[in-house]
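Here's the structure, in structure tokens; my notes come after.
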Amino acid sequence: MTMRVREFAVDLRTPLSTAAGDIERREGLLVAVDVAGETGVGEATPLPGWTESFADCRDALAGLAEDDATGDADPESPLEDGTLADAPAARHAVSLAVADARARAAGRPLAAALDTDPHTSLPVNATLGDDGPEATVEAAETAVASGYDCLKLKVGARDPTDDVARLRAVREAVGPDVSLRADANAAWDRWTADRFLDSVKESVLDLDYLEQPLPADELDGHAALRRLHDTPIALDESLSAVPVGRAIASNAADVLVCKPMALGGPDRVRDLAARARDAGVAVVVTTTIDAVVARLGALHVAASLPGDRAHGLATASLLDSDLAADPAPVRDGRMRLPDGPGLGIDVSAVFP
Ligand SMILES: [Mg+2]
């Protein structure tokens with residue numbers, strides 16, 4: 001294997017406020033590996049809280065490139081031998097680059113190299129921010145007019161009855177056929193989540209699911225919410241905090257929200273999805289606001305999985321700049337897979 005690494009930064013269109021502070025730009029590392037006679041690319045755009053820091057990611061990748069000074073290191077060994085166990089973003093970049101190169105060598109899109117019968121396009125959800133009812137309804141109507149039939153609302157920053165009022169206003173505006181999700185980003189305790197879910201039931205909101213109402217390590221609490229309420233529960237933050245086997249075994253989720261770039265790569269998500277499927281748990285693939293290479297990787301992984309739930313991949317519009325033109329823009333609430341081999345992007349476009 002020959003490995004090259006280059007740093008990049010992309011700016012967000014508008015700063016995104018998160019629990020960990022405002023994000024104005026995303027800094028990452030692109031990896032190119034030569035495997036099986038082809039060059040594949042991968043991306044690490046670390047997000048502390050979900051992954052290692054940028055510095056730790058850069059060090060991990062620099063270490064690999066050094067080990068590979070002779071160019072004959074086995075590309076799979078750092079993925080298997082635990083070298084990158086504490087660096088999921090770095091592991092994602094290498095795993096994606098190797099998978100991309102192998103798919104290119106096979107002359108197939110990455111999704112088709114991962115699964116014999118992949119989707120050729122996928123529904124994606126629009127994410128609505130944390131505005132008041134009027135602005136939320138306006139954003140919902142705009143999204144539905146442009147073709148989305150699944151909307152995700154951020155909740156948890158206000159009283160749960162006010163969040164339910166926002167959801168009810170959106171439901172009234174968009175009608176019964178649009179699927180609604182709520183993401184609390186671990187903001188609540190049991191009492192607050194119970195109040196929210198009781199109010200959701202009274203309002204007949206018919207949510208697709210409530211995502212991560214409780215702190216990441218509270219699997220028993222999420223399992224109790226599933227037992228006591230009708231609304232399906234999804235786990236997101238929990239998957240970066242506890243082993244996935246435990247999340248599944250505790251009956252804490254109807255849906256697992258999987259970010260390949262935080263979980264260590266496409267192979268990790270495929271393994272996780274197989275275990276989830278055996279337990280009757282659905283998988284939705286999302287991103288951490290990444291550049292085009294990682295977004296395409298997530299799109300191919302999502303397309304390789306069964307099921308027809310909308311994925312959380314429509315995050316390109318959050319960026320003001322990108323590494324290259326996006327070959328899979330959102331149209332009518334869906335993303336179509338690029339036709340070309342591998343990720344479907346020219347390596348020379350991102351690795352000049
Ligand atoms: Mg989430």
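Index from 1, following the sequence. Numbering of ligands and ligand atoms starts at 1, following listing order.
In summary, R181 and D208 engage in a salt bridge, as defined by a charged side-chain N under 4.0 Å from a carboxylate O. Taking a cutoff of 4.0 Å between a charged side-chain nitrogen and a carboxylate oxygen, R166 and D163 qualify as a salt bridge. Using a 4.0 Å cut-off between charged nitrogen and carboxylate oxygen, D220 and R190 do not count as a salt-bridge pair.
Between the side chain of E52 and the backbone N or O of A89 there is at least one donor-acceptor pair closer than 3.5 Å.
Screening T287, D236, T51, T288 for a side-chain hydrogen bond (donor to acceptor under 3.5 Å, both in side chains) with K259, the sole residue that qualifies is D236.
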Please tabulate, for the side chains in residues 223-232, all donor-acceptor contacts under 3.5 angstrom to protein atoms that are two or more places apart in sequence or on a different chain.
unit_1, atom_1, unit_2, atom_2, d
R226, NE, D254, OD1, 3.3
R226, NE, D254, OD2, 3.1
R226, NH1, N251, O, 2.8
R226, NH2, D254, OD1, 2.9
H229, NE2, D194, OD1, 2.7
D230, OD2, K201, NZ, 3.4

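Each protein N/O/S atom under 2.8 Å from the Mg ion (ligand 1) was counted, for a total of 3.
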